[in-house]
Structures are given as C-alpha cells and as structure tokens.
Amino acid sequence: MTMTRRQFVERVGSMGFGAAFVSLQALGMVPAESGIPVEPRLSPGSGKGKSVVVLGAGVSGLSAAYELQQAGYSVTILEASNRSGGRNRTIRKGDVVQELNGAQQLCDWDDGLYFNAGPSRISSQHQRVLHYCRQFSIPLEVQITTNRAALYHDDNAFGGRSIENRQLHYDTRGYVSELLNKCVHQGALDDELSAKDKSALVEFLQDFGDLTSAGRYEGSDRAGYSRYPGAGMDFGKKRKPLAFKDLLDARFWGWMFNEDEIFGHQATMFQPRGGMDKLVSAFTERLAPDVVKQNCTVVDVLNRGSEVEVVYMQTEPGSLPVFKEPQSNIPHKFGFDDIGERVRMRADFCITTIPYAGYKYIRNNFSKAKNRAIEKGQRYENSVKTAWQSRRWWEEDLGIYGGVSYTTRDIEQIWYPSDGFFERNGIIVTSYNDGEVGHQWHMLPPAARAEAARISTDHVHPGYGKELRSPISLSWRTVPFTWGAWPAWEPDDSAEVTANYSELIRTEGRVYFAGDIASLWAGWMEGAFAAAHCAVSEISERVARSAG
C-alpha cells in the first residue's frame, strides 16, 4: 500500500508526538476547531411570567438558573444535599465528607490548603467554562498535567523502578526516529518520498530523535542526567538509554503515556486560584437569595398538560437517604420518606440534571421508551481520590513541580499540586482511579483506602509514604445522590448505545434533560454547561413560539 506524505505525517502524529500534529495544523492539513457559542442567546425579559424548576444545584443546574434569571424567568432550584456544586467540590479545613454508609471524615488541614475532589482542571478547549470565568472575573492559574520530571511506575517493568517521564518519552522518541531513519536509507519509502523529501525527513528525524550523525539513538540529554553538569568542563553524565526491548515489554503506551495528546487534555490546562468551587460561588452569589433550596429530595416528576408537577421531601440537613429497591406497586422508595415533609410545586417547565440512575426512585409519567432508555443507561463509573497534607517533598527532594505520575498499581495516578510552590506544606493526591479498581475501592472504608494509597505511593516514591498526613478519601459512588463520577458509556460505542443516548437526552413533555450526562463531554464541566445552554435555549424558543 502506498503512503502519501500526508498519511505519513498523520501516522506519526497518531503515535502521540505532538510536533507532527502541530505541523499538520500549521499546513492546514488538519482542520482547526470551529468557533462555538459560549452562552445561550436569551432576550432580556423574554421569560417574564414563566417559571422553571431546576432539579440539581450542580454547575449545570446553576448555569441554567442563572441564564434563565437573566432573561426574566422565575426560577427555583431543588437540591437534595446541603451544598451547591454537585461534583464540583473543593474540600478545605473544617469540611466534613459524609458517605452513604454513615462514615464521616473531618478535614483538619492547614488554613489555605484545599483539594479539588471533583473536577480538577479546565481545558483551554472548554470555551463555555472559560467564558464564565471571564464573565465572573475568576482568576485562573496554569494547571500542570504533563511534567517531564513526573514518573511512570510498573511493578513488572524496569525492575520495579519508577522511570522519569522524560526518559521514557525521549528514549522512545529516539528509537522510533532511528527506525524511521533506517526505513529512509534502506529505500522502504522510495515510492512515496522524493529524494528531496527523504533528505528533509532525515534531517527532521535526527533533530526530532536526537540521533547521531550515523542515524542511531545512543541516548540524549533530553532524557535526563545520572549526574548533572557542573562548572567549567564538567559536562555531567547523560543517562544510559533504556533498552528498546524493555520499553516494548513494558507496554507503557497502554496506560496514559499519551494522555496529553487526548483532545481536551492538551495543554494549556487551567484551575481557578483557590479552588474549583470558586466557579460555584460565582453562580450562587448572582442568583436571587431564595432560588436554591437545599435538602429537597425529589420523589415525583410529572407532566401535567401545560405544567410540570414536582413533589419533593424537605429533609433535615445532614439526613442520609437509605435507598430501597422499588416494588412492583411502589415505583420509588426512600428510607427516610416518613421523616421529610412532602411539598408539591408546579412550574411551566422543568430542567433536570439528576443522574439517570436516580430516576429508579422517582415516580414519573415519561414515555415507555424514555424509561427503557433510563434503565439501560444508568451505569456510572466510580472514581476514588485520596488526598493528604504533607511536606512538599516532591519539590524539595525530587524537583517535581506539578504534574501527574502514573502507576499500574491500584492508585493509578499521583497528582502534585500546581499551586503553592515553595511553601512548607501542600496537598498531594495519591489515588485517582476508576473502572473495576474504583468499584473495589469504593467498598472499602476511608481508612482502608488511605492505607492502600499510602502503601502504593511508597512503591512509586520509596520512603515517602510515611510523610503523608491527614488523609481525605472521597468515593463518588458513596456520595449521597451522586451515583458515581461520570457515565460509564460512550455515545459513539455502537448504534444501540447511540440510539439509547439519543432517547435519554430527548425532551419529555415539558421536562428537559441537562447535566454532563446529557452531553458528549461527559465528566467535564464543559458538558454540563453545554447541556444547560441547550435546555434553556429550547425553552426560550418554545416560549417565543407560543407567544407568536
């Protein structure tokens, strides 16, 4: 099969090397991302006399309420918990993490330290999130994901040693360049590349892979030093390159080696200065005082002709639900339904951000197709994050300033803070897992999760597990009313999944569906905002049609 120059560069780019992809963009061979609307266009006063009840005070519900309020709608948000923000949660000194099994953790960190237990970064691709940060004057700082000083660790590779990102990355790049260089000199690309092309390609590969004049990879200072250069004629000692066979046997590319090449994960990433919940506060401060009603557990969502009827239980702050399996004659049942006072309200429209799994316990009169789709699409990924206060040994002793280390152990990731550099203490996240591991971890008590995280951290950073203090472990599966970290399905997996997703997000009477679960950016705030904007725009258009 012949390969054009375009196909060649595309294939190199698909291997995870950003330089090739950037070159394609510069040449116009990869289309640039088109502009997107960053806010819904609702005319001021267009919602006067109309009411909307929003279910859930996560960022999707908050943004929907904010945009509707700006257009003159009467808005009420019903939130089941005692806080706003949903999965956007920043934990600080004095906060209590409460789990469905009754376990509680009190945060006793130093003042000023914090842990973003939910979303931890904002992609520069996420224009809707950045729009609100600009509009509300929320100061941002760079969030470091990729750091060449961070580590890759595999118990079964390299003798169990942790390998610096820079060595893994640049040794791999060097060997791949050497192989391509051999292909050029052995005539393997004669039919695809002209003599001029081959000469330019060889020059590129020698620079890209730091090859010798003979076209071999024999190590590079890009991969780091076993002894740093000093003064005078002390050139230091470059690291001996990892063996190419060892790199292949390690199969590191299957676990996050190319994470920073994923669209949405590419630099530059940001975080609000002082915590991700600055975004939550910005919304709540701009909503009318009585808009958000907390400790309101929804039990009925019913279309009633020209209105929507919502019934909720007003519970005591801190009450924990005990979810009971529905019976054939009882479509929904909570363990505390005899405690909370039931309140009935009606509105012209409803926007629900409740995870679909929650509708197992909510009576509704949606179509059979909708309820079948909800039943199929109510799986949610679990994720467990464990954070600690510690001396900033990763900076002081190891020279790691921000970024993420990856390991094949159950903790999967170690996140170093991107703020507070050179201060005495900081917050380090020593587990961020999902999938089957996340499922297993969510069943452990917080203390057991923390101990497991400490042990695995000590494998990645020998001798430093003892430095970790005051753990806070958060499992999104055990957070009341949350159901998990993000949807465990991808809308483009298959025709069946895509069809089910289409049914899930379809408007049901006067009920509109939002939240990141109703977007193709599942698990990201960008998706939560996109779905909210879609819902409020559709309501606005519907109101305009009825008025016309």
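None of the values given here were measured: they were computed from a predicted structure. Side chains are part of it too, since the values below use all heavy atoms of this structure and drop only hydrogens, waters and symmetry mates.
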### Task
Under the side chain to side chain donor-acceptor pair (under 3.5 Å) rule, what do S81 and E79 come out as? Steps first, then yes or no, please.
CA-CA 6 Å; S81 73; E79 167 56 40; 2.7 Å; yes
Test of understanding: with salt bridge (charged side-chain N to carboxylate O under 4.0 Å, His left out), list the residues that count as partners of [X], not counting sequence neighbours.
X: E503; value: R506
X: R121; value: E259
X: R92; value: D277
X: R344; value: E309

### Task
Please list all pairs passing the salt bridge (Lys or Arg N to Asp or Glu O under 4.0 Å) test where one or both residues lie in residues 101-118, with sequence neighbours left out.
K93-D111
### Query
Ignoring hydrogens and geometry, is there a side-chain-to-backbone donor-acceptor pair from E307 to D348 under 3.5 Å?
no
Who passes side chain to side chain contact (heavy atoms under 4.5 Å, CB included) against [X], sequence neighbours left out?
X: V479; answer: L474, W476, T482
X: I517; answer: Y356, Y380, P487
X: N371; answer: N364, F366, I374
X: A150; answer: N147, S405, Y416

### Query
Considering residues, nucleotides and ligands other than E436, do more than 12 of their heavy atoms fall under 6.0 Å from its CD?
yes
### Message
Surrounding CZ of R379 (heavy atoms of other residues, nucleotides or ligands, distance under 6.0 Å), is the total greater than 12?
### Response
no
To the nearest 0.5 Å, what is the distance between [atom1] on [X] and [atom2] on [Y]?
X: I138; Y: Q271; atom1: CD1; atom2: CD; result: 13.0 Å
X: C534; Y: I505; atom1: SG; atom2: CD1; result: 7.5 Å
X: C107; Y: Y114; atom1: SG; atom2: OH; result: 13.5 Å
X: R41; Y: E541; atom1: CZ; atom2: CD; result: 13.5 Å

### Query
What pairs of residues pass the ring pair (Phe, Tyr, Trp, His ring centres under 6.0 Å) test when at least one of them lies in residues 93-112, not counting sequence neighbours?
none
### Residue pairs, two or more places apart or on separate chains, that pass ring pair (Phe, Tyr, Trp, His ring centres under 6.0 Å) and touch residues 265-319
Y66-F283, Y132-F283, F136-F283, H265-W524, F283-F529
### Task
Show your reasoning for whether side chain to side chain contact (heavy atoms under 4.5 Å, CB included) applies to V75 and V53.
CA-CA 6 Å; V75 187; V53 57; over 6 Å; no
### Task
For residues T386 and S431, report the shortest heavy-atom separation together with the two atoms involved.
OG1-OG, 2.8 Å
### Task
Decide salt bridge (Lys or Arg N to Asp or Glu O under 4.0 Å) for R449 and E99; before the verdict, give the C-alpha distance in whole Å, the side-chain angles of both, and the deciding distance to 0.1 Å.
CA-CA 14 Å; R449 292 183 215 135; E99 301 190 3; 3.0 Å; yes
### Task
List the steps and the verdict of side chain to side chain donor-acceptor pair (under 3.5 Å) for H131 and Q135.
CA-CA 6 Å; H131 159 72; Q135 183 177 355; 3.1 Å; yes
### Summary
Taken in chain and number order and not counting sequence neighbours, the residues that satisfy ring-ring contact (aromatic ring centres under 6.0 Å, His included) with W415 are Y432
